[in-house]
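Contents: one structure, followed by commentary.
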Amino acid sequence: MRNILVLVVFFFTTIFLGQEQSDKDIVNKAIQFLKVNEKDLLSDKICLKAIPNQKDKVIVLLPVKTNIDPECEECFDIDNNILVWNKNSNSFETNYTKKAEWTSDALRFSELKIDTGLYYLNKNTRAFGIRYSYSASSRVDLYTTEAINLYYFKNNKIIEVLHDFELEKFRGDNGNGCENALLEKSKSIFIFSDKFTDKFNDITVKTKFKDYTYDDDCDKEIIKKENTKSSVLRFDEKQKKYVLVQ
């Protein structure tokens, strides 16, 4: 009898696992759901990530090229498509699309990722982020930047509350060797209050700036100037977005 019970449990467990969709399956279903052409996908930048504390739900980020320049391989706009896949119902429960959200041209669209950090806007709302990076193709004039959008879920909808906020920037000129390079870097972090209310809290932004160069061996950084600045992102009730106030 015990052996029979073990076999029954194994049988139903196998069926359950066999029904769970793989990442590839989910992406294929997203393509069908949105009715996009596979040849227009930025396939290397498609992202999937489980929603924290809701492991049965997966955020799918499907970037699609549009307004493609036939004479420039790296020149096109990119539609931002965010979907939420429910593993229990095997269906998409919500989706968000913003046409031509990003552009790739002289500044190459280089990276895209889902960020499920501890972005608590208030006591009941946890946001998630979409981070995206650009980089210049020149080896002399150096430039990279990373920005973030923040979104949250409300009434089965995805709502954007922060748009195109720059988190990191690097720029410089190394045309005359490391010892003559002029390099600038900034990096920001968000600090969320632990005193939660019903309203969306302010977000403190701390940004560290650094001007530097390298030694003759291109090994050690030589700091020219360094400082830190604090500012605040505040939720604007009219715009329904976070805006920088100081």
Side-chain angles (χ1 to χ4, degrees), residues 26 30 33-34 45-63 78-89 91-102 109 111-134 145-169 186-209 228-246:
I26 296 172
F33 181 83
L34 295 174
K45 294 178 176 59
I46 294 172
C47 307
L48 295 89
K49 196 164 190 178
I51 298 177
N53 304 322
Q54 299 184 61
K55 298 303 182 182
D56 59 328
K57 297 181 182 181
V58 178
I59 300 170
V60 183
L61 181 55
L62 201 71
I78 304 159
D79 291 348
N80 175 12
N81 298 290
I82 307 171
L83 309 93
V84 174
W85 175 259
N86 189 314
K87 293 181 179 180
N88 293 329
S89 64
S91 63
F92 293 105
E93 64 178 35
T94 187
N95 68 288
Y96 167 100
T97 293
K98 188 170 183 179
K99 298 291 186 181
E101 170 86 62
W102 305 294
F109 190 74
E111 190 174 11
L112 188 61
K113 56 188 175 183
I114 300 166
D115 181 356
T116 54
L118 297 175
Y119 299 137
Y120 284 100
L121 307 182
N122 63 19
K123 63 182 180 181
N124 298 314
T125 308
R126 178 173 175 174
F128 69 93
I130 301 297
R131 291 179 178 242
Y132 43 95
S133 303
Y134 290 90
T145 183
E146 181 182 64
I148 189 170
N149 296 346
L150 287 181
Y151 308 85
Y152 73 102
F153 300 107
K154 182 179 181 181
N155 298 329
N156 213 32
K157 293 182 179 179
I158 298 171
I159 300 173
E160 183 188 73
V161 286
L162 179 65
H163 178 68
D164 197 31
F165 187 86
E166 186 176 76
L167 290 175
E168 295 188 36
K169 178 189 282 186
S186 65
K187 184 173 183 179
S188 298
I189 59 170
F190 291 156
I191 301 173
F192 290 81
S193 173
D194 58 0
K195 297 179 181 178
F196 294 133
T197 64
D198 292 326
K199 294 183 177 181
F200 283 175
N201 289 1
D202 289 352
I203 304 172
T204 301
V205 183
K206 285 198 173 181
T207 306
K208 185 175 181 180
F209 299 90
T228 301
K229 175 185 175 182
S230 290
S231 53
V232 173
L233 285 165
R234 182 162 295 154
F235 188 74
D236 186 295
E237 292 291 346
K238 290 183 179 180
Q239 299 183 54
K240 301 299 180 183
K241 292 277 196 303
Y242 275 94
V243 295
L244 200 62
V245 294
Q246 62 184 50

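All residue numbers refer to positions in the sequence shown, counting from 1.
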Determine whether F190 and L167 satisfy the following criterion, side-chain contact (heavy atoms from CB on, under 4.5 Å), listing intermediate values before the conclusion.
CA-CA 9 Å; F190 291 156; L167 290 175; 3.9 Å; yes
Between F235 and K240, is a side-chain contact (heavy atoms from CB on, under 4.5 Å) present by the stated rule, with each step listed?
CA-CA 7 Å; F235 188 74; K240 301 299 180 183; 4.2 Å; yes
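- Here the side chain of N86 pairs no donor or acceptor atom with the backbone of K57 at under 3.5 angstrom.
- In this structure, Y132 and F109 have parallel ring planes: the angle between them is below the 30° cut-off, well short of the 60° mark.
- Closest approach of E166 to S188, counting heavy atoms only: O-OG, 4.2 Å.
- Ionic pairing of D202 and R234 is present here: one or more N-O contacts between side-chain nitrogen and carboxylate oxygen are shorter than 4.0 angstrom.
- Rounded to the nearest 0.5 angstrom, T228 OG1 and K208 NZ are separated by 6.0 Å.
- For the side chain to side chain contact (heavy atoms under 4.5 Å, CB included) with S193, the lone residue among I203, T204, N201 that qualifies is N201.
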Are I130 and I114 close enough, and set up right, to give a side-chain contact (heavy atoms from CB on, under 4.5 Å), and what steps lead you there?
CA-CA 5 Å; I130 301 297; I114 300 166; 4.0 Å; yes
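- Contact between D198 and K123 at its shortest, heavy atoms only, is OD1-CE, 2.7 Å.
- Applying the side-chain hydrogen bond (donor to acceptor under 3.5 Å, both in side chains) test between T97 and each of D79, N80, N81 identifies N81 as the sole match.
- Counting heavy atoms from C-beta outward, L83 and L34 have side chains that approach closer than 4.5 Å.
- Of the inter-residue distances, the one linking E93 atom CD with I158 atom CD1 reads 9.0 Å to the nearest 0.5 angstrom.
- For the atom pair OG1 of T94 and NZ of K157, the computed distance is 8.5 Å after rounding to the nearest 0.5 Å.
- In K49, the NZ atom is crowded: over 12 heavy atoms of neighbouring residues, nucleotides or ligands sit closer than 6.0 Å.
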Given the rule in the side-chain contact (heavy atoms from CB on, under 4.5 Å) test, do K241 and D236 qualify, once you have shown the distances and angles that lead to the verdict?
CA-CA 6 Å; K241 292 277 196 303; D236 186 295; 5.7 Å; no
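- Here the shortest heavy-atom pairing between A127 and Y152 reads CA-CB, 4.3 Å.
- Put simply, the side chain of R126 gets close to the backbone of T116: a donor and an acceptor are under 3.5 Å apart.
- Considering NE2 of H163 and CD of E101, their distance stands at 5.5 Å, rounded to 0.5 Å.
- Summarising the geometry, atom CG belonging to N149 is positioned 7.0 Å from atom OH belonging to Y96; distances are rounded to the nearest 0.5 Å.
- Of all the heavy atoms in L150 and Y119, the pair that sits closest is CD2-CD1, 3.7 Å.
- F209 and S186 get closest at one heavy-atom pair: CD2-CB, 3.7 Å.
- The aromatic rings of F200 and Y242 lie parallel to each other, their planes meeting at an angle below 30°, with 60° marking the opposite boundary.
- Note that CD of E146 and NZ of K113 are 5.0 Å apart. Values are rounded to the nearest 0.5 Å.
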